[in-house]
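For reference, positions follow the sequence shown, starting with 1. As the structure is a computational prediction, the values presented were derived from the model and not from experiment.
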Amino acid sequence: MAVCARLCGVGQSRRCRRRQRQQRGDPDSNPGLELDDDDDEEENEGVMDERIVIKRQDASKASGKAVVSTAPVTSASSTSAILNGLSNRNPEHKGSPRLLDLPPELLVEIFSSLPGTALPNLSLVCKKFRQIINTDTIWRRRCIEEFGMCEDLRKLEVEGLPSRELYVKLLYPYRHILGLWQPDIGPYGGLLNVVVDGLFIIGWMYLPPHDPRVNDPMRRRPLFRIHMWESSKATVECMYGYKGPHKGDIQTVKKDEFSTKCNQTDHHRMPGGRQEEFRTWLEEEWGRTLEDIFHEHMQELILMKFIYTCQYDNCLTYHRIYLPPHHPGDVMKPGLFKGTYGSHGLEIVMLSFHVNRAKGTKLTGDPNVPAGQLTLDIDLSRTIQLPDIDKQRSIDELSRLVMEVHEQVQREQQLAQREDADIGNENSRAPLASANIPLMNGSQDVEEDDHVENEMEQPLHEEAAAHHQESQPFVLPGGVMARNEVYPRTYRMCFYGTGLIAGHGFTSPERTPGIFILFDDDCFGFIWLELKSFSLYSRVKDTLQYAEAPSAEAFEEMLKNMQSWTS
């Protein structure tokens with residue numbers, strides 16, 4: 001703010017002016033407007049670390065020297081241009097325009113383009129700045145541009161809820177929990193999206209449609225909400241249960257993690273006891289009664305999930321997750337999909353692409369394979385051409401095609417392991433042998449290795465995709481079980497892959513061969529050969545806010561951590 005101080009002619013730094021006000025008890029000071037300065041400087045993605053370099057020409061141009069001063073300022077590009085244009089003039093020269101001399105409506109426009117985190121410090125420059133920054137127009141624009149609020153904020157201001165209060169006491173303090181999260185519910189996991197919804201911050205839990213209707217839209221229900229209707233500070237309410245909103249709490253445990261707590265768990269209980277709660281939960285979760293489920297093993301799994309999940313009473317810990325990034329050349333758009341998993345019902349899977357591999361990671365899970373595990377691992381460099389429609393009906397023919405590729409993959413893996421072992425033995429016997437290699441040869445070897453590595457990084461499935469643009473007929477082989485008989489009858493491409501299976505409690509996990517079938521951009525399937533089972537996956541088309549990964553590295557790191565969260 002030293003820049004603004006010089007432009008205004010006040011000539012004192014922010015800290016000096018704040019110290020003077022504290023000593024004399026300046027009634028014009030407005031501590032309620034101040035955000036956490038330390039938090040602004042450390043946590044807001046370097047917002048306060050930007051520098052505007054101001055060159056002031058010496059009064060005597062004969063010296064030819066420029067005085068350079070730096071000060072932390074945050075602004076949009078247009079605001080930076082205005083400030084730079086004004087600051088390039090000498091404020092001490094008579095007749096030079098100063099920022100303080102601009103009309104208030106222009107200052108309101110300039111300050112409205114600044115991030116909300118910069119405004120409290122800017123208000124410390126002078127009384128005029130402080131008065132202008134208290135204008136609701138500025139904070140109304142910050143609420144809309146930074147948090148997407150679409151309510152009529154002018155009406156709220158008339159009713160006694162200033163936009164500044166809404167920003168400072170609700171939106172800014174809880175900005176860290178906006179986004180996509182996975183709850184820590186043992187093996188079951190889940191999908192939570194925290195968004196600014198109207199005048200509330202709401203945590204929406206997304207649930208798959210009722211089994212086996214995989215093409216139906218997702219269901220959602222609120223788990224908590226935060227608002228400022230009843231008091232001058234933000235209020236957290238638990239939305240779980242059947243008696244309406246009640247007192248709750250939210251705590252930020254650490255970066256990319258927070259927890260919720262219900263302070264009135266008695267609101268979760270129903271008058272009819274656990275049996276009534278189970279009937280209601282079953283109707284919401286599965287869309288049916290227990291009498292409608294004839295499979296005994298399925299009944300046991302459903303009852304187990306009810307007992308396990310209800311014990312948390314909405315007191316949960318959440319870990320941040322991101323949507324997978326899209327790369328040119330991907331065989332289909334990555335994203336979230338609803339998939340059929342036999343007696344376990346529908347589960348949510350995240351499909352991501354990594355050069356020549358596709359990975360399906362569970363966001364929801366079951367007692368056999370929990371959430372966070374890699375349920376599908378697809379090798380996009382190994383395409384499989386299905387036979388004509390008559391031979392597709394034979395499970396033996398399909399098994400033969402897949403097992404040929406599977407055996408080849410195993411041979412290549414064994415050969416690579418032996419080569420790695422031989423190289424390790426040679427290095428241990430002759431660690432200094434490489435010192436005798438001429439520099440030119442060594443450079444050539446490095447270039448050749450880089451060339452091979454770059455070739456390996458190119459998606460090998462792009463050429464195969466070019467030859468399979470037209471849809472081809474498809475039918476499930478006889479003897480393969482499918483929860484949903486309504487599946488596409490044409491496909492575009494097929495790839496070799498493996499699926500993860502395990503015993504109850506994630507015991508003896510192993511990867512079993514199968515075939516990945518790409519039907520269209522919103523639908524794919526996987527045939528588990530060993531289980532003789534077919535899973536159908538349909539895209540989740542809901543718009544999930546604040547879910548983009550900041551970088552490809554951040555997404556990869558998240559995938560690595562997911563298995564430890566839910567194991």
Side-chain angles (χ1 to χ4, degrees), residues 324 327 329-332 334 337 339-341 349-362 369 373-389 391-417 455-477 479-482 487-488 490-502 509-521 523-537:
H327 307 290
D330 289 343
V331 296
M332 65 186 302
F337 291 80
T340 56
Y341 277 83
V349 172
M350 174 187 291
L351 182 68
S352 57
F353 292 94
H354 312 261
V355 189
N356 289 318
R357 306 199 78 83
K359 296 181 179 181
T361 305
K362 280 191 171 187
V369 179
Q373 300 298 322
L374 185 63
T375 179
L376 300 177
D377 187 6
I378 312 303
D379 189 343
L380 299 176
S381 66
R382 303 180 188 276
T383 58
I384 294 178
Q385 179 62 47
L386 296 182
D388 56 51
I389 194 69
K391 291 186 178 180
Q392 285 184 30
R393 301 180 186 277
S394 171
I395 184 64
D396 295 333
E397 179 65 18
L398 181 64
S399 297
R400 182 186 64 80
L401 293 174
V402 175
M403 292 308 297
E404 286 180 357
V405 181
H406 182 65
E407 292 171 358
Q408 181 183 357
V409 170
Q410 288 184 321
R411 288 194 299 269
E412 292 177 358
Q413 290 176 347
Q414 294 173 357
L415 180 60
Q417 292 174 357
E455 285 186 347
M456 293 299 293
E457 290 179 356
Q458 298 300 320
L460 300 177
H461 57 269
E462 288 186 0
E463 182 179 354
H467 297 288
H468 295 79
Q469 293 297 327
E470 297 183 359
S471 296
Q472 303 174 65
F474 172 78
V475 64
L476 278 178
V480 174
M481 298 178 295
Y487 60 87
T490 59
Y491 78 98
R492 283 165 38 186
M493 298 183 69
C494 292
F495 301 95
Y496 162 81
T498 59
L500 183 62
I501 61 174
E510 62 174 318
R511 307 211 66 87
T512 182
I515 182 170
F516 176 92
I517 307 160
L518 174 60
F519 295 115
D520 55 51
D521 197 55
C523 185
F524 68 90
F526 188 81
I527 298 179
W528 312 70
L529 287 183
E530 184 174 335
L531 302 178
K532 292 186 178 180
S533 176
F534 172 71
S535 292
L536 181 65
Y537 299 83

So, do [X] and [Y] sit near enough that their side-chain heavy atoms are less than 4.5 Å apart?
| X | Y | value |
| --- | --- | --- |
| L376 | Y537 | yes |
| L351 | M332 | yes |
| Y487 | V475 | yes |
| S471 | R492 | yes |

query = Do you see a donor-acceptor pair shorter than 3.5 Å between the side chains of S535 and W528?
reply = yes
inquiry  = Quick one, T375 with Y341, criterion side-chain contact (heavy atoms from CB on, under 4.5 Å). Give me CA distance, side-chain angles, the key distance, then yes/no.
reply    = CA-CA 11 Å; T375 179; Y341 277 83; 3.0 Å; yes
Interatomic distance, [X] atom [atom1] to [Y] atom [atom2] [nearest 0.5 angstrom]:
| X | Y | atom1 | atom2 | value |
| --- | --- | --- | --- | --- |
| F353 | L380 | CZ | CG | 6.5 Å |
| I501 | T512 | CD1 | OG1 | 5.0 Å |
| E530 | R511 | CD | CZ | 12.5 Å |

request  = Report the relative orientation of the aromatic rings in F534 and F474; use parallel for angles under 30°, tilted for 30 to 60°, perpendicular for over 60°.
outcome  = tilted
Minimal non-hydrogen separation, P509 against A502, with atom names = CA-CB, 3.8 Å
message = Using every non-hydrogen atom in the two residues, find where L386 and Q392 come nearest and quote the distance to one decimal.
response = CB-NE2, 3.9 Å
message = Taking salt bridge (Lys or Arg N to Asp or Glu O under 4.0 Å) as the definition, give me every residue that meets it alongside E397, ordered by chain and number, with sequence neighbours left out.
response = R400
task = In sequence, state the C-alpha distance, the side-chain angles, and the governing distance for L529 and I515, and then conclude on side-chain contact (heavy atoms from CB on, under 4.5 Å).
result = CA-CA 8 Å; L529 287 183; I515 182 170; 5.6 Å; no
request  = Any chance you could lay out the side-chain contact (heavy atoms from CB on, under 4.5 Å) test for Q385 and Q472, step after step, and finish with the verdict?
outcome  = CA-CA 10 Å; Q385 179 62 47; Q472 303 174 65; 3.0 Å; yes
